[in-house]
Amino acid sequence: MSSFLRPAVTGQEFAEPSRIAARYRAITSHLAITPPVSVVIPAMNEAENLPYVFKTLPEWIHEVVLVDGNSTDNTVEVARELRPDVKVVKQVGKGKGDALISGFAACTGDIIVMVDADGSADGQEIVSYVSALVGGADFAKGSRFANGGGTDDMTGIRRLGNWALCSLVNRKFGARYTDLCYGYNAFWKRCLDEITLDCTGFEIETLINIRVVKAGLKVQEVPSHEYLRIHGVSNLNAVRDGIRVLKVILREKRVPKAARALRRPAAFSVNVPRGEVS
């Protein structure tokens, strides 16, 4: 498929709607894209938040993949009521990393967007991520600290920790990130062939950020605003998860790309379906 922005079709070109629909996804009356976009949402007991999350998602996205982490509330039922065509993946493992890997395996779009289920991300920003990708980037990384970004949900200790870890990654891997521990990102699905995802926790975001740089992929930061969680309490623990992120950084510095490719764990392959899909 083509990977650049095109003017939306108008007038007589609509005489063949099936052909046009197969090639274009309208964003506005003057702008359309061709790559199908999959949105992956890992969720566990987020029934109250999903109405807000789904409401902000653009109508032109190809599919929504909800990864249910064995919720005890009606997360799945709410998702299906809000979007009857939602693809639900029942997570077989535990952790955000495992959920994302399961979701990636179920995606059929050319572009994959990672969105949290707590209402902290604005789905309308997806157009900025997609624009970065169709404009030439391999990986569009959301940043709360890039010009135009912001956050309503970061304590002083978390901000300091994120800055320190981000600085460490930049120094050790030659990256130029302004933000590290943020889960709102997008990438071409083909990038999954270039990186290995082999962790199950919150540190998956840092792992992806490091390995796209090690793989030589083109990264573009996208300014993003993080809002407060709407309902419920986050499972994030600044100290515990900060230590896990640090361990990932130190481990990655010791592992050459060639050695990492040889030890790709089959259990975490994004090319193998993981969990029941419905």
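We count residues from 1, following the sequence as given.
When all heavy atoms are compared, the tightest approach of L133 to A140 is CD2-N, 3.7 Å. Of all non-hydrogen atoms in T206 and C181, the two that sit nearest each other are OG1-SG, 4.0 Å. When all heavy atoms are compared, the tightest approach of V67 to G103 is CG2-CA, 3.5 Å. When every heavy atom of K189 is checked against every heavy atom of I112, the shortest pair comes out as CG-CD1, 3.8 Å. Between N45 and S71, the closest heavy-atom pair is N-OG, 2.8 Å. Contact detail for P42 and A117: the closest heavy-atom pair is O-CB, 3.4 Å.
Side-chain atoms of C107 and V40, non-hydrogen and from C-beta on, do get closer than 4.5 Å to each other. With contacts defined as side-chain heavy-atom distances shorter than 4.5 Å, the pair T196/R211 qualifies. Under the 4.5 Å side-chain criterion, counting only non-hydrogen atoms from C-beta, E48 is not in contact with I230. With contacts defined as side-chain heavy-atom distances shorter than 4.5 Å, the pair T108/K87 qualifies. Annotation: side chain of V213 is not in contact with side chain of K172 (no heavy-atom distance under 4.5 Å). Two residues are said to be in side-chain contact when any heavy atoms from C-beta on lie closer than 4.5 Å; D152 and H225 meet this criterion. Annotation: side chain of L197 is not in contact with side chain of L100 (no heavy-atom distance under 4.5 Å). For the pair L168/F173, no side-chain contact is recorded, criterion being any heavy-atom separation below 4.5 Å from C-beta on.
Rounded to the nearest 0.5 angstrom, T200 OG1 and K94 NZ are separated by 10.5 Å. In this structure, CE in M114 is found 7.5 Å from CD1 in I204, a value given to the nearest 0.5 Å. To the nearest 0.5 Å, the span separating CZ on R176 from SG on C166 amounts to 12.5 Å. Distance CD1/I210 to CG/L180: 7.0 Å, rounded to 0.5 Å. Here the straight-line distance linking atom NZ of K218 with atom CG of D138 works out to 8.0 Å at 0.5 Å rounding. Here the CG-CG distance, from L50 to D118, works out to 10.5 Å after rounding to the nearest 0.5 Å.
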Begin with the C-alpha distance, continue with both residues' side-chain angles, and end with the deciding distance and a verdict on side-chain contact (heavy atoms from CB on, under 4.5 Å) for I41 and V53.
-> CA-CA 9 Å; I41 305 176; V53 176; 4.0 Å; yes
Please step through side-chain contact (heavy atoms from CB on, under 4.5 Å) for the pair K253 and I249, ending with a clear verdict.
-> CA-CA 6 Å; K253 187 58 181 176; I249 296 171; 5.9 Å; no
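When atom types are taken as modelled, the side chain of N49 and the backbone of H231 share a donor-acceptor pair closer than 3.5 angstrom. Checking side-chain atoms of K214 against main-chain N and O of E252 turns up a donor-acceptor pair under 3.5 Å. In this structure, W188 contributes its side chain and A137 its backbone to a donor-acceptor pair below 3.5 Å.
Evaluation of the side-chain hydrogen bond (donor to acceptor under 3.5 Å, both in side chains) test over residues 177-186, restricted to residues two or more places apart or in two chains, returns S143-T178, R144-D179, N162-D179, T178-E221, Y182-S224.
Ionic pairing of D116 and R229 is not present here: no N-O contact between side-chain nitrogen and carboxylate oxygen is shorter than 4.0 angstrom.
Taken together through direct or relayed side-chain contacts under 4.5 Å among Ile, Leu, Val, Met, Phe, Trp and Tyr, F145 and V219 form parts of separate hydrophobic clusters. Linking ILVMFWY residues whenever their side-chain heavy atoms come closer than 4.5 Å, directly or via other members, places F54 and V127 in the same cluster. W60 and V222 fall within the same hydrophobic cluster, defined by Ile, Leu, Val, Met, Phe, Trp and Tyr side-chain heavy atoms under 4.5 Å apart, directly or through other members. V169 and L246 fall within the same hydrophobic cluster, defined by Ile, Leu, Val, Met, Phe, Trp and Tyr side-chain heavy atoms under 4.5 Å apart, directly or through other members. Y227 and V39 fall into different hydrophobic clusters, where Ile, Leu, Val, Met, Phe, Trp and Tyr side chains are chained together by heavy-atom contacts under 4.5 Å.
Classification of the F187-F139 ring pair by plane angle, with boundaries at 30° and 60°, yields parallel.
Side-chain contact, D73 with T75: a donor N or O sits under 3.5 Å from an acceptor N or O. A side-chain N or O of E63 and one of S38 form a donor-acceptor pair less than 3.5 Å apart.
Other residues, nucleotides and ligands contribute more than 12 heavy atoms inside 6.0 Å of the CG atom of D85. Within 6.0 Å of CD on Q124 lie more than 12 heavy atoms contributed by other residues, nucleotides or ligands.
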